[in-house]
Number of protein chains: 2
Amino acid sequence: MSDPARAANTPVKPVRPVRIDTMDAKDNSSSRRRATRAKLYEAAVTLIAEQGFSATTVDEIAERAGVAKGTVYYNFKSKSELFEELLRYGVGLLTASLQSAADETAERGGGKVEALDAMIRAGLVFIDRYPAFTQLYVAELWRTNRAWQSTLLVVRQQAVAVVETVLREAVESGELSEEIDIPLTAAALVGMVLVAALDWQSFQRERSLDDVHGALSLLLHGRVSGR
Amino acid sequence: MSDPARAANTPVKPVRPVRIDTMDAKDNSSSRRRATRAKLYEAAVTLIAEQGFSATTVDEIAERAGVAKGTVYYNFKSKSELFEELLRYGVGLLTASLQSAADETAERGGGKVEALDAMIRAGLVFIDRYPAFTQLYVAELWRTNRAWQSTLLVVRQQAVAVVETVLREAVESGELSEEIDIPLTAAALVGMVLVAALDWQSFQRERSLDDVHGALSLLLHGRVSGR
DNA sequence: ACTTTTGCACTGACTAGTCAGTCTAAAAGA
DNA sequence: TCTTTTAGACTGACTAGTCAGTGCAAAAGT
């Protein structure tokens, strides 16, 4: 309450063009519905990232999105359903972006390590574009006993699998040592990128994406030790 | 209500040695109080890790700890104060454990990279011992707009600083390349360990601590690429 | 010895408030 | 016409925090 930036609830015009332009799941629905859903995702992702799921009220989400509360329930069965939809869609975007980074490297005839490097960059670009989503994902991923636990598990596996595949190919082609433990290394790499990026966003805003990419790339290429 | 373990309010002898032996902040208080606080920390850390801060009720914490709700407020100003105390103490433990890993390596005459390796192991051991705390820490660290934001910032800096110091010494001694960006690399390393460990705990329970340590160590030593 | 007082630690019913989800009749789109 | 959205009042469950009171061990009083 008492939000000075309360200009948002004048719904005169549908509020500005909306950041997450691409963010909509069910494509079967009318464009009107899609637009409404997009506004709700956008509002929910920011609020939940900041405050957490339980601390965010449906009234807040509706107000921020500039729609009536009833509209939320016209479009989603419940608060958690809205949230799960959000998770599914967001990780879908991330996975697609990682995959296409890998594919493009392959098309250019690049090696597998080069592909990993491209994926690191793609991850950073994604986080740079959707910091709130990433925040929320990390905050919820390792919770147990939550309703959407199973959704998250599936969704995490999708993302990690992309990295595992490239690692596996890299070992087969001899680019990476056979010593490496693929599932563990994949998890570590994803974690490294995730946490480094969130830290960058939260505590080291002045660094550029290239700085961060450089630091991670150095680690990946094992040029940290020695000279 | 209806707690069969209601023997707790017979304070005949100062109650037994207490599980979380090391877990108490304010040492000025009576042993009875310390024991109660320990029980509350223990209960809170698990519940909050599982469900998040907002979704965890004070009644739940009290019930799990086997004390009355009023006792929570007798010992802590508020729900958030209990939580902040928990954070402060937990990160204190982690920092101390990282530091002593580094110190022991130095005493043994080991190099700085060896020290980093020992710190990775210490981190894993910590997470293995207090998985709930780690979960909770990661879930809350990057939230903005929360009451304990400043506590977290301080506490994060403590932990990262330990790693930064060793990295800096390693660069000075020529063990690590001058190319590396110390703050970013420190954050990335911490992240790598944190996420790899949580993933291990949540999704790859069958692996041993040594497996995980090995995978991370390989990354650190840059023996991933090449053969 | 014995009674009374003190103060700490804890108790749990209670208060005042919050929030997900529902419902309505009417308006706006398409 | 048929779908979608609106505004906002309402309900019932749930929850942070309060407070008058209890139990008890040690100290003080007699």
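Only heavy atoms go into these numbers, but all of them, side chains included; no hydrogens, no water, no symmetry mates. Within every chain, numbering begins at 1; the chains are lettered A, B, ... in the order of the sequence lines, protein sequences first and strands thereafter.
One atom, CG of L40(A), and another, P of dT4(D), lie 14 Å apart when rounded to the nearest Å. Look at OH on Y74(B): it is 7 Å from P on dC10(C), rounded to the nearest Å. Rounded to an integer number of Å, the gap from F76(B) CZ to dC10(C) P is 11 Å. Put simply, CD on E60(A) is 12 Å from C1' on dT18(C), counting in whole angstrom units. When the C1' atom of dC10(C) is taken as reference, atom CD of E63(B) falls 17 Å away, rounded to whole Å. Between the C1' atom of dC19(C) and the CG atom of L47(A) lies a distance of 15 Å, rounded to the nearest Å. Look at CG on N75(B): it is 11 Å from C1' on dC8(C), rounded to the nearest Å. Here the C1' atom of nucleotide dA20(C) and the CD1 atom of I48(A) are 14 Å apart, to the nearest Å.
Considering only residues two or more places apart in sequence or on other chains, Q201(A) meets the side chain to side chain donor-acceptor pair (under 3.5 Å) condition with D128(A). In this structure, the salt bridge (charged side-chain N to carboxylate O under 4.0 Å, His left out) partners of K69(A), at least two apart in sequence or on a different chain, are D59(A). Under the side chain to side chain donor-acceptor pair (under 3.5 Å) criterion, D117(B) pairs with H213(B), S217(B), sequence neighbours left out. By the salt bridge (charged side-chain N to carboxylate O under 4.0 Å, His left out) test, R205(B) is found to be paired with no residue, residues two or more places apart in sequence or in another chain being considered. Legend: residues meeting salt bridge (charged side-chain N to carboxylate O under 4.0 Å, His left out) with R156(B), ordered by chain and number and at least two apart, are D199(A). Checked against ring-ring contact (aromatic ring centres under 6.0 Å, His included), F53(B) has the following partners two or more places apart in sequence or in another chain: F83(B), W148(B). Not counting sequence neighbours, the partners of D210(B) by the salt bridge (charged side-chain N to carboxylate O under 4.0 Å, His left out) test are R121(B).
You'll find the side chain of L219(A) stays beyond 4.5 Å of the side chain of L219(B), heavy atoms only. Within the 4.5 Å cutoff, the side chain of I120(A) has heavy atoms near those of the L124(A) side chain.
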Tabulated below should be each protein N or O lying under 3.5 Å from an N or O of nucleotides 15-17 of chain D; please produce it.
residue, atom, partner, partner atom, Å
dA16(D), OP1, K79(B), NZ, 3.2
dA16(D), OP2, V58(B), N, 3.0
dA16(D), N7, K69(B), NZ, 2.8
dG17(D), OP2, Y73(B), OH, 3.1
dG17(D), OP2, K79(B), N, 3.2
dG17(D), N7, K69(B), NZ, 3.0
dG17(D), O6, K69(B), NZ, 3.0

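Counting any heavy atom pair closer than 4.0 Å across all strands shown, V72(A) reaches no nucleic acid atom.
Of the candidates dA7(D), dT11(C), dA9(C), dT11(C) carries the atom nearest the T71(B) side chain, counting heavy atoms from C-beta on.
In terms of phosphate contacts, R33(A) brings a side-chain nitrogen or oxygen within less than 4.0 Å of OP1 or OP2 of dT4(D).
Overall, the helix from dA1(C)-dT30(D) to dA30(C)-dT1(D) carries an axis bend of 20° between its ends, with five pairs at each end and the value rounded to 10°.
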